[in-house]
Undergrad: 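Can you read through this structure? Questions will come right after.
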Amino acid sequence: IPRPQSAAAAAAVFLLTINPMRRCGLASVLSDLPRKNTTCYYHFEYTECDVLGSRWRVAIPNKADTCTGLPDPVKGTQCTFSCSEGEFLDMRSQKCQKCAAGTYSLGTGVAFDEWDSLPTGFVTQGVTVNDWNAHTDCSNSTWTPKGDYVASNMDECTATLSYAVSLKKPGTVFFEYFYPDNSIYFEFFVKLNKGNNVLYWRTTTYTVLDSAVKPVLLRNIAISGVAYTSECFHCKPGTHSTKPGSARCAPCPADTYSTKGATVFILSLDLDVCFSSWSCKPRPPCTNSDYFYTHTPCDSEGKTQLMYKWIEPKICNETIEGAVVLPASGEKKTCPPCNPGFFVTNSSNCEPCTSGFYSNGTACTECPVGTEPVVGFEYKWWNTIPSNMRSSILRPEAINSNHNTAWEVAGEYVYTTPGDQDTDYLMLILNVPGYSLPQSTVKDRERSELSRITFVFETICSADCKLFFLAGYNEWNNNIVERWNGSNRKQSYSYLIQSNSTVTFAWTFQRTGKFNTRKYSADVAKIYSIYITNVVGGVASQCRRCAVSSGKADSACVPCPAGHYMVNRTGECKSCPPNTFIKAQHPVGQAACIQCGPNTIRNKAYSSCLSDCTLDMQTRGGTLLRYDFSPLSNVTGFNSSPRFTSKGLRYFQHFRVGLCGKEGQVPATCVDNVTESGREVRGYVCQSTVVPSEIRSQSIVVLSCEGVTTDTTLGGISSPHGLFPATSGLPDVIFYYKSSETTQACKEGRSATIRLRCSPTVTAKDHITMPSNCSEGTCDGCSFHFLWQSQHACPLCTKNHYKEIVSACIQGIQRTTYVWQQPLQCYGGESLPAQKVSACVPLDLWLKFGVSTGSIAAVLLVGLSCYFWKKTRKLQYKYSKLKMTTGGKECELPTADSCAIMEGEDAEDDLMDLTKKSFFTKMKSFSREVSNHLTRMELQISCASPGIKNE
């Protein structure tokens, strides 16, 4: 085994033995160098202290069972022994020695500021977060040394960096960390009591929440409380120590550099530029990316000067061929106006207007009676950085720099300046004290927005730049609200503030994640305006007409009653039409009243619409269907099918739905517990991405009810038939939900549709499925679709849903049975009536009666016909005989019209209409005609001769 060539190598061996040897009952400290025997290498260690505080120094072979003739144990130092700063313990002499020049020692502490390799004593390992998924290989998912820092893993495994240390007294730990991405769950565990301690840092990456991941970086770890150190550490490049016994190394002055373990620093040439004080190289020619411009504050004449400055530290040479020179500064321009709510003083400075006044940036004006100031902060002119804003640079790499200006003003906008490294995070931070609702909305908190921040921005990039917008309760504890990649045209973004603890906002720009110096310095982010409402201590840019408590001139502003709007900013409140709600915080005009969607009703606060879980629907055939979804109104949770990342991390989407309900119904709730904020969101539908190992989620959806109908489109939201093909003729009832909050990916906000499909055989109340081609419920991340099958989704049963079956009359008894129409498409409502039993007359009795009656009627008819036929024949015979007897005689009777037509008779009676009369009427008419005819014949015979009459 070769002899270690440096104290750093010996230190590595020392740190390695602290943890494993402790398990064997030895408190191990190596000598500065192993001793060579004829057969092995060995080192010295101390035994653990006895009850008297004594211990022994013993020789331990580096490899077990290979050494003979080891030195005998000797009495060791007392357990209370320690070395001072700048000293180390020489195990051979068991005395403290001063560190040589170019090295340093903390004495009772250890420090780790070099990460070319993982220092001995540190252990890193990667494990899978899912115990059941043993096939996932996480052996390479560890912390990785990167020179000046150690970086965490960037995959879905859990990586742990641990260090074991034995302390003589309660100690402290100091380290610097860089935690840029909340897609990584970062934990640090520490206990620094007297005795043995283990420190460890742990990270787990959740790429299912964010595709682009930045690792956690650690550097400059220092631990105090140890008894001594057995070696001294070399000074880092860029530092030096000139005297023996140094407790720390001094940094090199500007334009100098040093190598590792340096005792002196080295001056660089005028044509060289030093990077991070450990190396220098010739300065390149200056370009337009090596300087930036800014504006001076306005002078008493209202003028500002345009100033050009080199980026510090200056790393270019403006005197060589091809270099650009710094443009001349001092050009005077007219100062931009003050921001709204401020006024210009005599010294051309901008001061805020007092309470109750407003301005457009010139002079303050008092708000008229019947109005109130619209308080907030509006920044649209950038002559100086406002007092409640500042810029800073966050550098992932361990690079010291004098350049700390991240954003500069440019009149109409504020922009990012070139940095030392393209990987720098350029931060613009805005702090506000809190929020307060206007007087006119204090009593209407449910409908009122606490606050809203709106800004207009633009990014111009040639690389993979990123702009982040963050919000939180301080600049170190905030969450990424939105991010934009690459170039983005000038646009506006708005964010609703829901908590008074959200008081810090940050805009962070990074040109690229790939390490380089200033390759993409021209990439820039610009913010044109920032407007935040209802800020405590804010200023007013305008006054808003409000309703007043009375007709007096000094009446205070009050909100219009619920469901009322202001008429043309007159201060008069008027009621909205029926079943409308008001979304605007300060409704003006009837257009502020929004009609509720189909089959929904407004709530008592007039702030939204809701479904009471009942629905009446008319089918195309005119049938009325009644629905009652109350059994489905409780909040229901369900999951998507499990999915896996490339590393085997199992995750799924968890949804919670509060379908409908009366006012006061508990809404669906999702909690974002990935971050420390624990932000809770409420609504009809919410969604989380859940990692089962720790049940950590991120909420991304909050929705409100838009309407309930069987139509497949409502208010720009669609629910295509093809997502869930129908299996019956009964239409699905569709609930429509929408969120007005927009994101970078969802410009129109998010929406959701829930199809309720009648399935009488499904008794479960949570049988909810997602489209087969969109296993997470959405194909675009903005529109979510679900199918809810249940017997409670069927219309209520009515008389139209069953039919009656009447049995034959058997032995005087008849039964009526009721059965459901098939296929059954109803549930609940009316029940099937019980079977009915009734008395009846058998059919054969009625048949006999009918046959008998018909037979009697036929006999009577035949007899009557025969009677009249015989009588007619007899009369015809008599008449013919009379005609023959009287023909040609002098005593011939006069014509028949003298006595054959009786007085009062009508000649028309001789005509019989037998075509349109009933059978009995025809028989009656025929009989009367025959009688009349016979009467005439008798009269004629009587007139002719009495003898014939008698005959």
Side-chain angles (χ1 to χ4, degrees), residues 7-8 10-32 43-58 60 76-91 94-99 103-115 118-124 143 150 160-177 187-202 218-233 245-248:
V13 179
F14 154 64
L15 291 171
L16 175 66
T17 59
I18 289 180
N19 190 20
M21 291 302 177
R22 177 175 54 82
R23 300 173 185 170
C24 300
L26 294 175
S28 169
V29 178
L30 282 180
S31 62
D32 56 346
H43 59 271
F44 291 115
E45 295 179 2
Y46 280 128
T47 64
E48 290 191 3
C49 298
D50 57 24
V51 294
L52 300 178
S54 300
R55 57 188 172 183
W56 292 80
R57 190 199 71 177
V58 296
I60 303 295
T77 60
Q78 290 295 312
C79 293
T80 56
F81 173 85
S82 65
C83 292
S84 303
E85 290 183 345
E87 296 179 340
F88 71 99
L89 178 64
D90 180 4
M91 289 294 289
Q94 299 192 68
K95 294 182 180 179
C96 295
Q97 303 288 339
K98 287 186 177 181
C99 293
T103 64
Y104 72 98
S105 167
L106 299 178
T108 58
V110 291
F112 307 96
D113 51 13
E114 294 182 0
W115 299 90
L118 196 66
T120 306
F122 282 88
V123 177
T124 179
W143 290 74
V150 58
T160 302
L161 177 69
S162 61
Y163 178 71
V165 62
S166 179
L167 299 183
K168 172 186 174 183
K169 58 182 179 181
T172 60
V173 60
F174 170 87
F175 63 91
E176 297 176 1
Y177 69 94
E187 302 168 291
F188 169 60
F189 298 85
V190 58
K191 186 182 74 170
L192 291 174
N193 298 326
K194 182 180 179 180
N196 297 321
N197 300 271
V198 178
L199 294 76
Y200 65 92
W201 297 259
R202 186 170 70 187
L218 290 176
R219 69 179 184 185
N220 295 338
I221 300 177
I223 304 171
S224 67
V226 300
Y228 43 77
T229 178
S230 62
E231 52 91 20
C232 297
F233 300 97
S246 297
R248 57 191 54 84

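Basis for what follows: all heavy atoms, side chains included, without hydrogens, waters or symmetry-related copies.
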Undergrad: If you apply the rule side-chain contact (heavy atoms from CB on, under 4.5 Å), what do you find for Gln97 with Phe88, and how did you get there?
TA: CA-CA 5 Å; Gln97 303 288 339; Phe88 71 99; 3.6 Å; yes

Undergrad: For the OH atom on Tyr177, are there more than 12 heavy atoms of other groups (residues, nucleotides or ligands in this structure) within a distance under 6.0 Å?
TA: no

Undergrad: What do you reckon, is NZ of Lys168 surrounded by more than 12 foreign heavy atoms closer than 6.0 Å?
TA: yes

Undergrad: Using the ring of each side chain (for Trp, its six-membered ring), is Trp201 parallel, tilted or perpendicular to Phe188, with breaks at 30° and 60°?
TA: parallel

Undergrad: How about Phe122 and Phe112: are their ring centroids closer than 6.0 Å?
TA: yes

Undergrad: Among Thr124, Ile223, Val123, Ile221, which residue satisfies the side-chain contact (heavy atoms from CB on, under 4.5 Å) criterion with Tyr163?
TA: Ile223

Undergrad: Heavy atoms only: give me the nearest Ala247-Tyr104 pair and the separation to one decimal.
TA: O-CD1, 3.5 Å

Undergrad: Please determine whether side-chain contact (heavy atoms from CB on, under 4.5 Å) holds for the pair Glu45 and Ile60, giving the CA-CA distance in whole Å, both sets of side-chain angles, and the decisive distance to 0.1 Å.
TA: CA-CA 7 Å; Glu45 295 179 2; Ile60 303 295; 3.6 Å; yes

Undergrad: Does the side-chain contact (heavy atoms from CB on, under 4.5 Å) test come out yes or no for Arg55 and Gln78, once each step is laid out?
TA: CA-CA 7 Å; Arg55 57 188 172 183; Gln78 290 295 312; over 6 Å; no

Undergrad: Specify the closest pair of heavy atoms between Trp115 and Val150, including all atoms of both residues, with the distance to one decimal.
TA: CE3-CB, 3.8 Å

Undergrad: Over all heavy atoms of both residues, which pair between Glu87 and Thr229 is shortest? Give the atoms and the distance, please.
TA: O-CG2, 3.9 Å

Undergrad: If you define the side chain from C-beta out and look only at heavy atoms, does anything of Leu192 sit under 4.5 Å from Leu199?
TA: yes

Undergrad: Step by step, would you call Lys194 with Leu167 a side-chain contact (heavy atoms from CB on, under 4.5 Å)?
TA: CA-CA 5 Å; Lys194 182 180 179 180; Leu167 299 183; 5.6 Å; no

Undergrad: Thr108 and Ser82: side-chain donor and acceptor closer than 3.5 Å?
TA: no

Undergrad: Does Tyr46 have Arg57 sitting over its ring (NZ/CZ under 6.0 Å from centre, angle to axis within 45°)?
TA: no

